[in-house]
Amino acid sequence: MATYTKRAVSFLHAALLPLRRLWYGVRRRYRTLRIMPAASRLLGPQYVRSRDAIEIDITYVCNLRCNNCNRSITQAPEKTHMTVGMIEDFVRDSIAQGKRWRVIRLLGGEPTLHPQFGMIIEALRRYRQFAPRCDIQVVSNGFGKAVQAVLETIPGDVTIENSGKDGQRIQPMFGPFNLAPIDDPAFRSVDYVNGCSIMEECGMGLAPTGYYQCAVAGGIDRLLRGQQGYRSLPADDDDMQELSRNLCRLCGHFRDGHMVPADLRPPLLDTPRSETWDRIYTDWKKRRRPLRATEKAAP
Ligand code: SF4
Ligand code: SF4
């Protein structure tokens, strides 16, 4: 029965392929027009940051070195952890603002490698006394005994999203994160306030340097030492547009603007990098020092 269902699904998948191609082709063309300044002024940003979902990068330590990592763990490894105090501040600010998050996702790096991972989980579970329907998720690469051992200790009321990586550097499904749109003439006159679907669908971000429109932006700001992150949780009427203008211009995810299914794009087998990213990593190496994980992000 299972084989029959599997065959039916793959038949349907193949039958719908031309239609899906057409749909994503239309979306690509629409995106090209939608990010033009005139369209952005007329319609507002294509995407706005989430108000009910947040991704928290609790560490930039990872046991893998995937190509094209969109937190630059491979390109610029750094042993920086978020303090437990920052998580407690996040919980306190959320309660003070009456924020009942639909979902809180813990990522990194590999979140289970944070030395106080258990304390962070407990702080968030206490928050659930205020927001009982909040789904706390741990997003792990699932690789290696140390990670798996921690995963086994996670309480049953916390969701685990395990990508089951096998340690390979090449991740064909990833996107070309290090192709900065500002280096591409096709994006010369676009409005970066439009961001991409990540800040809406995955959530806004909290990184060791503060709050951002998405966690990827926090990972970019770590390298710039720009410390542009907000020190405290933004109010709901704040779209964080200045951060999108400053940071989306560097992010390869801006190019498509939305997730394109793996079977509709070529697998990414190399590590494309545009000149701005070459410069960012070179500068980062020159002034390399551990990023200070502060109780609050710096101003
Ligand atoms: S497992 Fe995730 S965080 Fe770690 S290097 Fe790979 S993509 Fe980056
Ligand atoms: S383009 Fe990059 S930095 Fe901007 S919202 Fe999307 S993922 Fe975040």
Side-chain angles (χ1 to χ4, degrees), residues 31 34-35 45-50 53-80 105-114 138-144 146-147 161-182 184 187 190-207 211-224 226 228-229 239-259 268 271 277 280:
R31 168 77 175 174
R34 189 62 179 77
I35 57 180
Q46 185 179 14
Y47 297 103
V48 291
R49 61 129 184 138
S50 175
I54 187 163
E55 295 197 319
I56 308 180
D57 282 353
I58 60 172
T59 180
Y60 287 126
V61 168
C62 187
N63 56 341
L64 292 181
R65 292 288 180 268
C66 306
N67 288 347
N68 304 296
C69 172
N70 68 9
R71 303 305 201 272
S72 298
I73 304 294
T74 307
Q75 305 91 315
E78 190 168 282
K79 285 187 183 157
T80 298
R105 286 159 63 81
L106 297 183
L107 303 91
E110 170 51 44
T112 58
L113 298 181
H114 190 294
V138 175
V139 183
S140 168
N141 63 33
F143 180 76
V147 168
E161 189 180 308
N162 185 342
S163 61
K165 290 198 172 55
D166 57 6
Q168 296 296 315
R169 279 183 91 98
I170 296 176
Q171 298 291 331
M173 322 257 283
F174 281 10
F177 167 67
N178 288 127
L179 289 185
I182 46 161
D184 185 338
F187 292 88
V190 305
D191 191 341
Y192 289 102
V193 77
N194 287 286
C196 82
S197 64
I198 287 177
M199 66 176 170
E200 203 165 285
E201 290 166 10
C202 302
M204 62 169 292
L206 174 58
Y211 290 92
Y212 296 84
Q213 78 274 28
C214 70
V216 177
I220 296 173
D221 200 32
R222 143 176 107 86
L223 303 161
L224 302 177
Q228 300 175 62
D239 281 341
M240 307 179 97
Q241 291 189 357
E242 214 39 48
L243 288 178
S244 296
R245 287 208 173 88
N246 291 344
L247 298 169
C248 296
R249 58 204 260 281
L250 300 171
C251 178
H253 295 303
F254 185 89
R255 303 169 71 85
D256 286 331
H258 51 263
M259 202 275 291
L268 185 59
T271 52
W277 275 107
I280 290 172

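Keep in mind that the numbers below use all heavy atoms, side chains included, and drop hydrogens, waters and symmetry copies. As the structure lists them, so they are numbered: ligands from 1, and atoms in each ligand from 1.
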Atoms of ligand 2 close to Cys214 [distance to a heavy atom under 4.0 angstrom, numbered from 1]: 3 (S), 5 (S), 7 (S), 8 (Fe)
Nearest candidate to atom 8 (Fe) of ligand 1, where distance is taken over non-hydrogen atoms, out of Gly108, Cys69, Ser140: Cys69
Pairwise side-chain contact, Val190 with Pro181, heavy-atom cut-off 4.5 Å (strictly under): no
Gln228 versus Asp221, side-chain donor and acceptor atoms under 3.5 Å: yes
Cation over ring face, Arg34 and Tyr47, 6.0 Å, 45°: no
Numbered atoms of ligand 2 (with element) below 4.0 Å of Phe254, judged on heavy atoms: 1 (S)
Residue pair Leu179, Asp184: steps toward the side chain to side chain contact (heavy atoms under 4.5 Å, CB included) verdict: CA-CA 8 Å; Leu179 289 185; Asp184 185 338; over 6 Å; no
Enumerated ligand 1 atoms positioned under 4.0 Å from heavy atoms of Phe174: 7 (S)
Contact check: Cys248 to atom 8 (Fe) of ligand 2, N/O/S below 2.8 Å: no
Any Leu268 side-chain heavy atom under 4.5 Å of Phe177 side chain: no
Residue, atom name and distance, where the atom is the protein heavy atom closest to atom 6 (Fe) of ligand 2: Cys196 SG, 2.3 Å
Salt bridge present between Arg222 and Asp57 (N-O < 4.0 angstrom): no
Which segment of Phe143 sits under 4.0 Å of ligand 1 when only heavy atoms are counted: neither
Enumerated ligand 1 atoms positioned under 4.0 Å from heavy atoms of Asn141: 1 (S)
Ligand 1 contact on Cys62 by region, counting heavy-atom pairs under 4.0 Å: side chain
pair Gln213-Cys248: side-chain heavy atoms closer than 4.5 Å: yes
Sub-4.0 Å protein heavy atom near atom 2 (Fe) of ligand 1: no
